[in-house]
Structure formats: structure tokens, C-alpha cells
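Lettering follows sequence order; numbering is per chain, from 1.
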Amino acid sequence: MSFAFTQENTIRMASLLNRYAQKKALSLPLLWLAQKQEGYISEEAMQYISEFLELPYMHIYGVATFYTMFRLQKGDKPIIEVCRTLSCELAGSEEIKKYLKENYSERYEIVEVECMGACSGAPMCTLDGKYFENITPEILDEVLNAD
Amino acid sequence: MKIIVDNNPIECQEGALLIDVLLDNNIKIPHFCYHQDLGADGNCRMCMVEIKGQKRPQVACDTFVCEGLEVSTNSASINEVKRSILELELLNHPVDCPICDQAGECKLQDYYMDFGLYESHLSTPKTKKSKHIDLGSNVMLDQERCVLCARCTRFTTDITKTGELGIIGRGDQARVAIAPGHPLNNPYAMNVVELCPVGALTSKDFRFQQRVWFLDSAKSICHGCSRGCNIIIDYNETKYTSEKIHRFRARRNNAINHSFLCDYGRLSYKELNEKIIAAPCNMETLKELLQAEKKVALASPSLSLEQLQSIQEFCKNYKIELFSLPYIDESFGDDWLKTNDKSANFAGVKELGISTCQDDFNSSFENAEIVLNFDHALLKQQVFKDKTLVHFTATPCEGEFVFAIANFAHENGTLINCEGVRQEFFGTKYKSDAPRLRELLEELR
């Protein structure tokens with residue numbers, strides 16, 4: 001198994017490279033890019049990034065394990081991230097979390113995360129990176145049973 | 001008469017003390033104050049047992065057996081009582097077991113191992129991390145002992161630039177680790193054990209071997225190559241074993257090795273423990289041999305200046321041609337501490353003006369009848385038919401004339417390193433079984 005960025009992401013990588021004085025600064029953006037491309041960050045991807053940035057593998061691995069939003073294992077279910085920070089909490093995320101866990105945890109991987117910057121639409125969650133705001137159990141049913 | 005203890009019937013005398021019955025039947029019953037020859041005192045409460053039909057736990061040292069008594073010594077509830085009693089005993093205890101003489105045969109320790117409070121009073125459970133992880137290169141990691149000082153990760157990042165170690169996770173999950181499939185693998189790896197201020201990184205070679213407060217230390221110089229790294233030799237002699245060297249540690253010297261050693265040098269202590277089996281020195285035979293016409297001597301370039309000087313003097317007296325050849329290994333050196341010249345004192349050899357010409361040595365060697373080998377590795381493993389070899393050796397060596405001499409751990413001396421730095425080293429406080437080279441040569445004068 002080996003890892004390579006898609007053509008589109010390779011172009012993205014090149015443009016990011018011009019943005020920073022040091023190659024090392026690309027550690028986080030490239031990890032994000034790899035996760036976006038494959039849904040998780042594989043060992044091969046970290047190996048590729050460490051070689052590209054000329055940094056020890058351990059450095060990339062250390063960064064990837066520090067941030068909880070990086071996923072190092074391939075999941076078999078789509079991911080729903082539910083916000084658990086203040087605004088959403090006040091707008092009733094407790095009920096949303098409970099509803100999701102009770103009804104959808106078999107089909108989806110439900111993860112609680114910190115604020116994703118969409119407080120105006122609290123409570124909110126994401127499905128495979130796509131934002132859903134002002135959610136209620138009814139809206140969730142509609143979205144998650146769409147297909 | 002019979003009583004029941006932990007569901008097993010036990011034969012006993014009516015009216016006997018329960019604790020005696022338990023002890024006589026080898027049933028484990030923790031106790032401090034009771035002693036079979038001093039009797040009961042009942043003050044420690046350690047021998048609590050459960051007795052059927054009684055609400056509260058009873059002390060076995062104040063209970064007399066009667067027909068049908070049913071005793072439980074090991075139920076969850078009675079163990080909880082023992083645990084509480086131990087906790088009370090330990091309230092004002094200094095818990096200085098590591099330096100306590102009783103450690104290992106202490107009842108408080110033993111009982112605490114059996115019934116202790118292993119869960120702390122924290123309201124959240126302790127974060128468990130991995131223990132005895134083999135990082136590679138002889139280094140073992142216990143993540144729970146780590147204080148996350150990052151000395152080890154800074155060593156592999158900044159000093160060796162190999163970057164094997166890092167801190168993964170965050171918060172109370174943060175821990176030192178290697179990346180899966182990327183073990184610690186560099187020729188200086190074992191320095192992290194010495195850098196670690198706590199017990200998180202230990203050496204596979206040294207761990208569980210000795211308690212460090214039983215070790216003595218000698219200031220010495222590593223003889224592994226011509227760098228002359230400063231070391232501490234940790235050694236001891238115990239009641240039942242002869243002197244043994246247990247490890248080398250780096251001794252800080254900013255001009256040479258800072259606080260570091262290569263793994264090769266660090267582990268080279270092992271050959272100092274090898275026993276040399278040699279026939280008893282027969283000086284008279286040796287003196288006769290020295291009457292021969294054609295003689296040549298080869299001295300190890302790792303001998304000290306003092307030793308080389310006495311060899312020089314000796315050779316002059318007996319009219320022996322003296323040579324020394326360096327131990328060159330082109331694959332050994334690197335751009336830091338290790339040098340291709342694996343002799344500890346070749347600069348010293350040159351300073352004393354001892355011949356180092358390989359061609360001259362070869363031709364002299366060819367003509368010689370008697371060859372004196374002063375601890376040089378080159379001649380040790382070879383047999384020459386038409387020559388008589390006399391070995392003065394600090395490592396095991398075969399041959400007809402082998403004179404064991406003390407190794408550098410039992411010598412004081414001076415070495416000159418590859419950069420011309422002159423350094424002294426000192427031996428351990430014990431005398432070696434083998435005599436020192438200079439003493440031998442003195443006898444031969």
C-alpha cells in the first residue's frame with residue numbers, strides 16, 4: 001500500500017508550500033488534506049508527509065495523535081459530529097445527542113466535538129463534514145433517512 | 001472436634017485459640033501483635049475473621065474454638081476490614097520502603113500487597129498507560145512513571161536527529177512513545193536511559209540487576225575508541241560474588257563527550273568482567289625465553305602512558321624491538337563521538353616514539369623467535385608454528401605462555417585522545433586477581 005495525493009490535492013499542496021517560510025508549517029494542512037482525501041489518516045499517508053516535509057515520522061505521528069479531530073483508523077460508518085460546546089448546549093444539544101445515540105448509533109459513528117464555529121445555527125452537527133444547523137429530531141430524521 | 005474454615009473442615013482441640021489453629025494448619029492469617037510464644041495482646045486488629053452468626057468481625061487471637069464454629073478468613077467483606085486496618089497503620093508511616101532494611105521481609109509490606117488499597121482516593125480513575133514497552137536498542141519504557149520532561153525526545157530530535165521518540169496524545173493521555181514500526185534505532189540510543197530523571201526509561205542490560213546504592217563508582221575513560229569519553233565505572237563486590245562491573249555511565253566533560261556515550265562504549269564494560277584463565281606465571285621460564293637472540297614486542301595502543309613507558313624500559317633492557325599498531329575500523333567512526341581508530345591511546349604511543357610502522361613490524365616479526373604480546377588483539381587469536389608467543393593479556397587468550405594482567409578498571413593511568421587531550425583515569429577500589437602489568441615487568445628486571 002502506498003499513499004499519494006490526488007492531482008487536485010497535489011496542486012493544493014504546492015500552493016500551500018508557497019505560503020509558509022518553513023516546510024514544517026505544512027504538517028497540519030497536509031494531515032487535513034490526507035484525512036479529507038481518504039476519510040482517515042493512514043500510516044502510509046503519515047510516511048508520505050514525513051518524507052515530503054523532511055521531518056521524522058514520529059513528528060507527524062505525534063501531531064496526528066495530539067489533535068482529536070484527526071482519525072487514524074478507517075471507520076466503517078459515516079460520521080456525525082455533534083457540537084457539545086456552550087451555545088449548542090444552551091440551545092438543546094443534550095436532547096439532540098441523546099436522540100442521535102438512541103436512534104442512529106448503529107448506522108452512524110456519533111462523535112461529540114467542541115465548537116465548530118456555527119453558533120448562530122445552534123444546535124448543530126455535521127454529516128461527513130457537511131453542516132446542519134438549527135437541528136431538531138424531526139430535521140435529523142429527514143436528513144438521515146433521505147436516501 | 002471440627003470447625004469449618006473457609007468451607008473446609010479442620011480438626012482441632014476444643015478450647016484452642018482460633019489463631020493457633022489457623023497458623024498450625026498453614027492458613028494465611030495476617031497478624032502483627034500476636035506471637036505464638038508471646039501470646040495474644042489484641043491491639044493490632046490485623047487478624048480479623050468473619051464468624052458465622054456474629055454481626056461484627058472478630059479477632060482470631062481472642063476467639064476460642066468450639067464445635068461447629070464457621071470461620072471465613074478471606075471473604076470480600078473481611079478483606080475490606082483488613083484493608084482499612086492497613087490504611088490506618090500507614091497514616092503516619094513514612095513509606096520509605098526503598099531505603100528500609102526490612103523491605104522484603106516486612107509484614108506491613110506483605111499484607112499491603114495482599115489487601116492494599118490500590119485505587120487512589122481520586123474521584124476520577126487513574127489514567128492507565130502502557131508498561132514495559134520494548135522501544136528497541138536495549139531501552140524499556142514504562143509510560144506511567146514518566147513525568148513528560150521530554151529529555152529523551154529532545155535527545156533524539158536535537159542531538160542524534162533520528163527523531164524516533166515523541167510525545168503522543170494530549171492532556172493526561174500524553175505519553176512518550178515510538179511510532180508503530182519505527183523502533184529506537186541509533187548507535188547512541190541508550191543515552192536516553194541516563195537522561196531520564198525517573199524510572200520511565202530503563203536499560204534492558206542493567207534493570208533488575210543491582211540496587212544503585214550498593215554500587216561504588218570509579219572515574220575512568222572509555223577505552224572503546226580514541227575519543228576518550230569520560231565515564232563512571234559502577235561496580236561492587238557482594239558477600240557472595242567477587243567484584244563485578246555493572247555498567248558505564250557518562251561523566252560530563254564539555255570538551256569531549258558532554259554527558260553522552262555511544263552504545264558500543266557503554267556496553268564495553270562486559271569484557272572487563274571476563275575471567276582470564278592463565279597458567280600460574282613462571283617467571284624463571286620467561287627469563288630463560290628472554291635470553292633468545294631475535295625478539296620482538298607488540299604493545300596494545302590502548303595501554304596507558306605509564307604502562308607503555310614501563311614496556312619501553314623493559315624492552316630496552318632486554319634489547320627487544322617494540323612496536324604498536326592501531327586498531328583501525330573504517331566502519332566504526334561517525335561524525336560525533338565514535339572514531340575509526342579504536343585504540344584508546346594511539347596518540348600516547350606516538351608521543352613516546354614507539355614504532356608504529358606495519359612493514360617494519362612484519363619483517364621483524366618474521367625473523368623473531370620470541371614474540372612478546374602486550375595485550376594487543378592482533379596476536380591473541382592466532383597460532384604461529386615457528387615462534388614462541390608470550391602474552392600479557394587483560395582478556396581471555398589461549399597459548400602456552402599467558403600472563404594475565406589487570407584490565408583498565410584496575411589501573412590508574414593517563415591516556416591521550418585523538419585530539420591530543422591528556423586525561424587521567426582511575427581504577428576501582430578492589431585489587432584485580434591478576435597482577436598489574438607494571439608489577440610483572442618490575443619482577444622481570
Side-chain angles (χ1 to χ4, degrees), chain A residues 1-4 20-35 38-75 81 83-86 109 111-116, chain B residues 124 127-130 133-137 139-141 143-144 146-193 195-196 200-201 334-336:
Chain A
M1 273 223 300
S2 69
F3 173 88
Y20 305 105
Q22 285 180 20
K23 259 185 162 183
K24 194 178 178 180
L26 254 66
S27 305
L28 276 176
L30 292 192
L31 282 169
W32 268 123
L33 217 52
Q35 173 154 305
E38 307 216 305
Y40 79 113
I41 299 167
S42 63
E43 272 181 37
E44 290 76 21
M46 288 188 279
Q47 193 70 51
Y48 177 90
I49 295 169
S50 93
E51 279 162 26
F52 181 77
L53 300 181
E54 293 162 34
L55 287 170
Y57 178 81
M58 186 66 218
H59 178 86
I60 303 300
Y61 183 68
V63 171
T65 56
F66 182 86
Y67 294 100
T68 52
M69 284 163 96
F70 285 136
R71 304 169 59 79
L72 304 186
Q73 243 105 47
K74 194 173 191 162
E81 293 167 314
C83 176
R84 64 169 178 201
T85 312
L86 188 64
E109 191 178 331
V111 193
E112 288 183 30
V113 297
E114 305 305 333
C115 181
M116 289 188 282
Chain B
T124 51
T127 302
K128 301 266 187 222
K129 294 177 194 171
S130 298
I133 307 167
D134 190 343
L135 296 182
S137 297
V139 181
M140 298 295 285
L141 167 65
Q143 291 177 330
E144 292 182 343
C146 176
V147 294
L148 294 171
C149 71
R151 280 187 180 185
C152 56
T153 65
R154 284 181 286 148
F155 179 77
T156 57
T157 308
D158 302 342
I159 309 280
T160 62
K161 306 203 192 302
T162 44
E164 300 99 326
L165 294 174
I167 293 175
I168 61 169
R170 65 159 130 170
D172 72 348
Q173 286 293 338
R175 57 213 183 270
V176 166
I178 48 171
H182 295 70
L184 194 55
N185 180 22
N186 72 69
Y188 294 90
M190 290 177 78
N191 282 299
V192 297
V193 172
L195 289 169
C196 183
L201 294 169
D334 60 19
D335 55 2
W336 190 23

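In this structure, A/K24 places its NZ atom where only 12 or fewer heavy-atom neighbours from other residues, nucleotides or ligands lie under 6.0 Å away.
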Less than 3.5 Å apart, which donor and acceptor atoms pair up between the side chains of residues 167-179 of chain B and the rest of the protein, not counting sequence neighbours?
| residue | atom | partner | partner atom | Å |
| --- | --- | --- | --- | --- |
| B/R170 | NE | A/F66 | O | 2.8 |
| B/D172 | OD2 | B/T127 | OG1 | 2.6 |
| B/R175 | NH1 | B/Q173 | O | 2.6 |

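With sequence neighbours left out, the salt bridge (Lys or Arg N to Asp or Glu O under 4.0 Å) criterion links A/E114 to A/R84. In this view, B/D334 satisfies the salt bridge (Lys or Arg N to Asp or Glu O under 4.0 Å) rule with no residue, not counting sequence neighbours.
Using non-hydrogen atoms only and a strict 4.5 Å limit, the part of residues 49-58 of chain A facing chain B consists of A/P56, A/Y57, A/M58.
Side-chain contact annotation: A/Q47 with B/H182, donor-acceptor N/O pair under 3.5 Å present.
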